[in-house]
Engineer: 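Just dropping this structure here.
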Amino acid sequence: MMVELHRHLELPPSPATPALLEAQLFAEHPPLACLVAERGGALVGYAAYCDLYNSDYMAQGFWLCDLFVEPGGRSGGAGRALLAELSRLAVDQGRVSIWWGVHRSNIRAIGFYDRIGAGDFKVDLRELETEALQALAAEARGLASDSAA
């Protein structure tokens, strides 16, 4: 399904494989957790999430990495049920928020988020990845070696 999400959003191919996901979900310190939605015994959606620290409240929250429901399962309540369960987990654990990003082109998802009461903070999310991440890390290594000299 993670691969399908990348296709749906017209992103570059995902490196996700069942083996890699299993290794990460069941690691000693898993970097993420998943909730799944089933209908008639078949998987129709998932929510992948991880820890987040919300400095506005000085408390923990969740970062929703992915929310995906198969096209045939949309408008059937699976997405709402996944977010409701994640909200229950957050409240039960004393967390104060759930944050996520949404592609501006995903109008259907934005409408869904509006209907469940999610705020739009007019925040642009930014990401350093691949070459830009490596370049900035190299810059910091150079600064560190300059200051050590």
Side-chain angles (χ1 to χ4, degrees), residues 1-140:
M1 282 191 156
M2 288 180 172
V3 172
E4 179 59 32
L5 175 60
H6 273 243
R7 270 187 242 137
H8 172 72
L9 296 173
E10 298 177 2
L11 298 173
S14 170
T17 64
L20 182 58
L21 180 60
E22 181 179 350
Q24 291 181 357
L25 287 173
F26 297 103
E28 185 175 345
H29 300 286
L32 80 157
C34 278
L35 299 171
V36 297
E38 294 179 329
R39 186 168 291 126
L43 187 65
V44 296
Y46 76 95
Y49 62 97
C50 61
D51 291 331
L52 167 130
Y53 185 77
N54 187 329
S55 61
D56 293 336
Y57 294 101
M58 303 299 290
Q60 286 188 300
F62 284 132
W63 175 260
L64 179 62
C65 307
D66 292 339
L67 177 65
F68 181 75
V69 176
E70 297 263 344
R74 295 182 187 152
S75 298
R80 186 179 190 98
L82 287 164
L83 281 178
E85 178 61 14
L86 185 57
S87 296
R88 185 197 63 77
L89 289 172
V91 169
D92 288 356
Q93 294 176 21
R95 295 170 185 263
V96 297
S97 61
I98 301 171
W99 278 79
W100 67 90
V102 60
H103 288 262
R104 289 184 188 115
S105 63
N106 197 342
I107 302 304
R108 185 173 179 158
I110 292 167
F112 167 66
Y113 298 142
D114 288 344
R115 286 190 302 280
I116 64 167
D120 179 357
F121 287 90
K122 306 294 183 203
V123 173
D124 278 341
L125 297 177
R126 303 297 171 139
E127 178 181 34
L128 279 173
E129 65 178 6
T130 59
E131 292 86 17
L133 178 66
Q134 295 296 328
L136 202 53
E139 183 179 314

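All values reported here derive from a predicted model rather than from experimental measurement.
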Engineer: Quick one: closest heavy-atom pair of C34 and A48, and the distance?
Structural biologist: SG-CB, 3.8 Å
Engineer: Classify the ring geometry of F68 against Y46: parallel below 30°, tilted from 30° to 60°, perpendicular beyond 60°.
Structural biologist: tilted
Engineer: Considering residues at least two apart in sequence or located in another chain, which fulfil the side chain to side chain contact (heavy atoms under 4.5 Å, CB included) criterion with E38?
Structural biologist: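 Once residues adjacent in sequence are excluded, E38 has no partner under the side chain to side chain contact (heavy atoms under 4.5 Å, CB included) criterion.
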Engineer: Tell me which pairs pass salt bridge (charged side-chain N to carboxylate O under 4.0 Å, His left out) where either residue lies in residues 12-27, with sequence neighbours left out.
Structural biologist: none
Engineer: Quick check: closest heavy atoms across A109 and V102, and the distance to 0.1 Å?
Structural biologist: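 It is CB-CG2, 4.0 Å.
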Engineer: Counting only heavy atoms not in E131, do more than 12 fall under 6.0 Å of its CD?
Structural biologist: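 Open.
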Engineer: Say whether, by atom type as modelled, one donor and one acceptor occur between the side chain of R39 and the main chain of G76 under 3.5 angstrom.
Structural biologist: yes
Engineer: Of all residues at least two apart in sequence or in a different chain, which pass the side chain to side chain contact (heavy atoms under 4.5 Å, CB included) check with L133?
Structural biologist: L128
Engineer: Applying side-chain hydrogen bond (donor to acceptor under 3.5 Å, both in side chains), name anything that partners E129, two or more places apart in sequence or on another chain.
Structural biologist: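 E129 satisfies side-chain hydrogen bond (donor to acceptor under 3.5 Å, both in side chains) with no other residue.
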Engineer: Calculate, to the nearest 0.5 Å, the distance between atoms CG and SG belonging to L32 and C65 respectively.
Structural biologist: 6.0 Å
Engineer: Do R74 and R108 have side chains that approach each other closer than 4.5 Å (heavy atoms only, starting at C-beta)?
Structural biologist: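 Counting from C-beta outward, R74 and R108 do come under 4.5 Å.
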Engineer: Hey, could you give me the OG/OH distance between S55 and Y53, rounded to the nearest 0.5 Å?
Structural biologist: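 Rounded to the nearest 0.5 Å, the OG-OH separation comes out at 7.0 Å.
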Engineer: Got a second to check how far W63's CH2 is from W100's CH2, nearest 0.5 Å?
Structural biologist: 9.5 Å
Engineer: What residues, two or more places apart in sequence or in another chain, satisfy salt bridge (Lys or Arg N to Asp or Glu O under 4.0 Å) together with R126?
Structural biologist: D124
Engineer: Would you be so kind as to tabulate the donor-acceptor pairs closer than 3.5 Å made by side chains of residues 112-121, with sequence neighbours excluded?
Structural biologist:
| unit_1 | atom_1 | unit_2 | atom_2 | d |
| --- | --- | --- | --- | --- |
| R115 | NH1 | G111 | O | 3.2 |
| D120 | OD1 | K122 | N | 2.9 |
| D120 | OD2 | K122 | NZ | 3.1 |

Engineer: Taking CZ in R80 as the centre, count heavy atoms belonging to other residues, nucleotides or ligands within less than 6.0 Å. Is the count above 12?
Structural biologist: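 No.
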Engineer: Apply side chain to side chain contact (heavy atoms under 4.5 Å, CB included) to N54 and list each qualifying residue two or more places apart in sequence or on a separate chain.
Structural biologist: L52, D56, Y57, V96, S97, W99
Engineer: Measure across A78 and V44 and return the closest heavy-atom pair with its distance rounded to 0.1 Å.
Structural biologist: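 Answer, listing the atom of A78 first, then V44: CB-CG2, 4.1 Å.
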Engineer: Using a 3.5 Å cut-off and no angle test, enumerate the donor-acceptor pairs between side-chain atoms of residues 82-92 and protein atoms at least two apart in sequence or in another chain.
Structural biologist:
| unit_1 | atom_1 | unit_2 | atom_2 | d |
| --- | --- | --- | --- | --- |
| E85 | OE1 | R88 | NE | 3.1 |
| E85 | OE2 | R88 | NE | 3.3 |
| E85 | OE2 | R88 | NH2 | 2.6 |
| S87 | OG | L83 | O | 2.8 |
| R88 | NH1 | D92 | OD2 | 2.5 |

Engineer: Which pairs with one or both residues in residues 43-53 pass salt bridge (charged side-chain N to carboxylate O under 4.0 Å, His left out), sequence neighbours excluded?
Structural biologist: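 Found D51-R95.
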